[in-house]
Protein chains: 4
Amino acid sequence: MTKRKRPPQRRGEAMVGAVLQVTLVQLGVVGFERLSVPEVAALAGVNKTSVYRRWPTKGELVREALASVLGEPPDFVATGELRADLLAWGRGALAFAGSPVGQAVFRALLSADDPDLRPLASELTRTTKGPMGLLTRAVRRGELRPGANLELALSTIAGALLQRLHVEHRPADLAYLTQVVDLVLDGLRR
Amino acid sequence: MTKRKRPPQRRGEAMVGAVLQVTLVQLGVVGFERLSVPEVAALAGVNKTSVYRRWPTKGELVREALASVLGEPPDFVATGELRADLLAWGRGALAFAGSPVGQAVFRALLSADDPDLRPLASELTRTTKGPMGLLTRAVRRGELRPGANLELALSTIAGALLQRLHVEHRPADLAYLTQVVDLVLDGLRR
Amino acid sequence: MTKRKRPPQRRGEAMVGAVLQVTLVQLGVVGFERLSVPEVAALAGVNKTSVYRRWPTKGELVREALASVLGEPPDFVATGELRADLLAWGRGALAFAGSPVGQAVFRALLSADDPDLRPLASELTRTTKGPMGLLTRAVRRGELRPGANLELALSTIAGALLQRLHVEHRPADLAYLTQVVDLVLDGLRR
Amino acid sequence: MTKRKRPPQRRGEAMVGAVLQVTLVQLGVVGFERLSVPEVAALAGVNKTSVYRRWPTKGELVREALASVLGEPPDFVATGELRADLLAWGRGALAFAGSPVGQAVFRALLSADDPDLRPLASELTRTTKGPMGLLTRAVRRGELRPGANLELALSTIAGALLQRLHVEHRPADLAYLTQVVDLVLDGLRR
DNA sequence: CCATAATCGAGACGGTACGTCACGTCTTGAG
DNA sequence: CTCAAGACGTGACGTACCGTCTCGATTATGG
């Protein structure tokens with residue numbers, strides 16, 4: 001008769017992974033402010049003391065959880081066709097923004113007062129500038145207007161999606177993305 | 001020797017005004033989640049019981065405070081010159097977004113879970129569509145492309161400002177606004 | 001249908017009385033070290049926050065509880081008959097030491113490290129010297145030896161009872177008390 | 001360059017001795033309740049796991065520590081002179097009660113709830129009756145009153161010292177001891 | 001002008017969640 | 001096989017707010 005008194009402890013990497021994953025989910029569900037460290041611990045099947053040992057602050061826990069995701073920029077292959085490449089990148093961004101993890105990132109960073117999260121905001125901004133190379137090459141090819149503010153164009157695309165999703169709270173599908181990209185591309189072209 | 005034991009009570013309208021004003025300020029400073037009803041009462045020089053009597057819920061208090069502001073849409077005069085009018089409207093929007101009250105609105109609504117605040121989100125969205133008439137008239141004049149998605153254009157402008165202010169956390173001045181408007185207008189024109 | 005949602009709050013004096021009484025009982029049952037403020041609150045039917053508000057420290061709570069008892073020295077009437085009076089006083093002391101409250105006092109004070117309880121120890125010691133007047137008058141009457149250390153005699157009686165009860169853990173009845181008193185009185189007489 | 005990474009392990013008897021010694025010291029310093037097994041281990045330069053292996057319970061650890069001391073009753077030589085022998089025994093008792101180990105014993109046993117310590121209480125009581133033989137011989141010699149309760153007399157002496165030291169918290173020197181012994185002896189004599 | 005009701009201030013209280021602490025158990029690896 | 005080192009689960013603790021309740025004081029209102 002085997003006495004299995006309690007589930008075996010998950011240590012080290014196993015525990016860290018479970019906690020960070022649950023943290024991301026909770027970030028997407030209730031947001032940063034309402035995220036509770038004890039609740040994260042409970043959902044992860046871990047004692048809250050163990051969580052506090054590794055991440056003394058909620059900010060540190062969230063920062064590590066988000067960093068484990070933002071570290072992998074959604075690379076995309078450039079075919080050379082400007083509009084198609086921009087749409088491909090946009091699809092990736094939309095998929096990210098719609099995923100639970102993306103929800104977490106935006107809900108946490110949109111008006112981040114916690115100092116621990118500040119560096120992540122610039123990280124996210126940097127991701128926004130991903131397809132910058134596409135545009136500069138298009139300018140060199142003469143496909144876009146020479147003096148255009150490319151950085152602003154990308155910000156505008158991202159902002160349009162942001163407005164749609166988190167202010168108007170309406171879904172952003174591929175058609176919507178296409179319209180935005182076309183609008184901005186037309187503005188850039190000449 | 002006059003003994004002024006304590007400040008005279010403020011009742012009725014006077015108290016309501018003081019509380020709502022403090023609520024708006026606090027919304028801009030700490031946001032909706034961290035807003036504390038007892039703290040609002042203290043800052044307003046009012047007993048917390050009085051606040052709870054009138055607004056049983058934090059959501060109701062904030063809703064009434066925001067409603068007292070969003071009720072006044074920032075009207076603007078249309079000169080007939082499309083670009084100038086759009087810029088004028090944008091200046092108003094920027095001024096609002098930069099004011100403490102605007103900070104309050106955006107911080108409260110950007111990811112609003114509180115059911116009491118949902119109606120306010122659509123209110124804000126409606127404001128965004130303010131200059132819709134300008135664009136439709138411009139289309140009729142042949143100044144803009146006939147099939148253009150005008151609503152999306154306005155959302156894009158608003159989104160660009162939002163991205164600039166609340167994601168990249170960089171200031172949005174008149175020059176920035178002009179660039180955004182020109183980019184979108186160029187996209188709409190041909 | 002009367003809705004009695006929860007038991008009505010006990011305020012002020014009522015709550016203080018209930019808490020102090022439970023504190024005394026618990027002192028007698030588990031002693032000072034193992035006494036738990038939250039448990040006292042629960043047994044008193046009071047929220048633990050309320051207890052911590054009035055008595056920030058366990059020591060203060062216990063001190064006030066004990067002070068409310070030690071404040072009433074068990075007066076006894078002096079008949080003039082030395083032995084009978086001493087026995088009467090001893091009976092009172094035994095009754096006190098055997099009562100739950102007395103248990104509380106001794107268990108709390110016997111090895112009191114808590115600085116809050118130090119003054120109570122001297123209070124208890126003072127009580128021990130209660131029948132000092134009896135002895136001095138007996139000396140003046142020539143009933144006791146002139147140079148006798150009366151204070152030491154009383155300490156000895158008290159100590160004998162203490163040893164019996166709290167070291168040997170055997171009951172101390174009236175017969176035992178009588179033997180002790182007689183032993184000491186015989187020592188004092190000649 | 002010799003790398004002495006850490007102190008060499010102490011095993012078996014060496015470790016046991018170190019732990020028990022530290023346990024006695026801590027008993028005298030902080031008492032039984034506040035004695036912490038991990039702290040004892042740390043002070044003994046031993047890992048707490050090792051302590052828990054041998055003594056699963058704090059009570060068992062303390063019992064073994066105290067037993068290693070109480071096993072050696074403080075023998076004294078009887079000269080035949082009753083008062084002198086009694087004083088000699090009392091000096092030993094005082095020395096014991098004043099030593100750190102004695103402090104430990106009394107603080108641990110005075111109101112011992114831990115069931116592991118109960119047998120030690122009777123052990124201590126038995127020690128109190130050490131000089132019983134002296135008194136019975138004195139009775140046979142006619143030096144003391146025949147019907148006297150000798151056991152009670154010894155308890156009374158011990159109790160007087162106990163009262164002095166642990167209730168009144170005043171020092172007990174040789175003069176005090178002498179007075180107590182004389183008081184009781186006078187009571188016993190006739 | 002005064003009496004009476006509505007409103008407000010002041011503070012005690014119950015309740016919930018939190019982060020900390022010390023303890024004892026367990027796992028792993030070194031001696 | 002024994003011990004050291006450290007991670008982990010467990011329970012209790014004291015604190016910080018929050019929202020409710022009670023009571024007394026103040027203000028407005030109608031006779």
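Side chains are part of it too, since the values below use all heavy atoms of this structure and drop only hydrogens, waters and symmetry mates. In the text below, chain A, chain B and the rest are named by the order of the sequence lines, each starting its count at 1.
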Nearest heavy-atom neighbours spanning A:L117 and A:G59: CD2-O, 4.1 Å
B:T57 (side chain) donor-acceptor with B:E60 (main chain) under 3.5 angstrom: no
Contacts under 3.5 angstrom, residues 17-30 of chain B side chains, donor-acceptor by atom type, not counting sequence neighbours:
from: B:T23; atom 1: OG1; to: B:V19; atom 2: O; distance (Å): 2.7

Separation of F:dC13 P from D:R34 CZ (nearest whole Å): 13 Å
Distance, nearest 0.5 Å, that separates NZ of B:K58 from OG of B:S36: 8.0 Å
Whole-Å distance separating the CD atom of C:E13 from the P atom of E:dC13: 11 Å
Along DNA chain E (nearest heavy atom to each residue), the more 5'-positioned of A:S36 and D:T49: A:S36
Comparing A:N47 and B:V37 on DNA chain F - which has the more 5′ nearest nucleotide: A:N47
E:dG9 OP1/OP2 closer than 4.0 Å to side-chain N/O of B:S50: yes
Among F:dC3, F:dC18, E:dC13, the one nearest D:M15 by side-chain distance: F:dC3
Length of the line joining B:Y52:OH and E:dC8:P, which is rounded to integer Å: 16 Å
Selected nucleotide, minimal atom distance to C:K48 side chain, candidates E:dA17, F:dT20, E:dG15: E:dA17
Closest non-hydrogen atom pair between C:W55 and C:E64, with its separation: NE1-OE1, 2.7 Å
DNA chain F-proximal residues of residues 19-28 of chain A, any heavy atom under 4.0 Å: none
Positions of residues 53-61 of chain B (non-hydrogen atom under 4.0 Å from DNA chain E), listed by number: B:R53, B:R54
Minimum-distance pair of heavy atoms, taken over all atoms of B:R54 and B:P56: O-CD, 3.5 Å
Check: D:K48 side chain, D:V40 main-chain N or O, donor-acceptor pair, under 3.5 Å: no
Verdict with supporting geometry, B:F32 and A:E33, side-chain contact (heavy atoms from CB on, under 4.5 Å): CA-CA 10 Å; B:F32 176 76; A:E33 303 277 358; over 6 Å; no
Evaluation steps, side-chain contact (heavy atoms from CB on, under 4.5 Å), between A:V62 and A:D116: CA-CA 8 Å; A:V62 171; A:D116 287 331; over 6 Å; no
Nearest-Å distance for atom pair CG/P, residues C:L35 and F:dA12: 15 Å
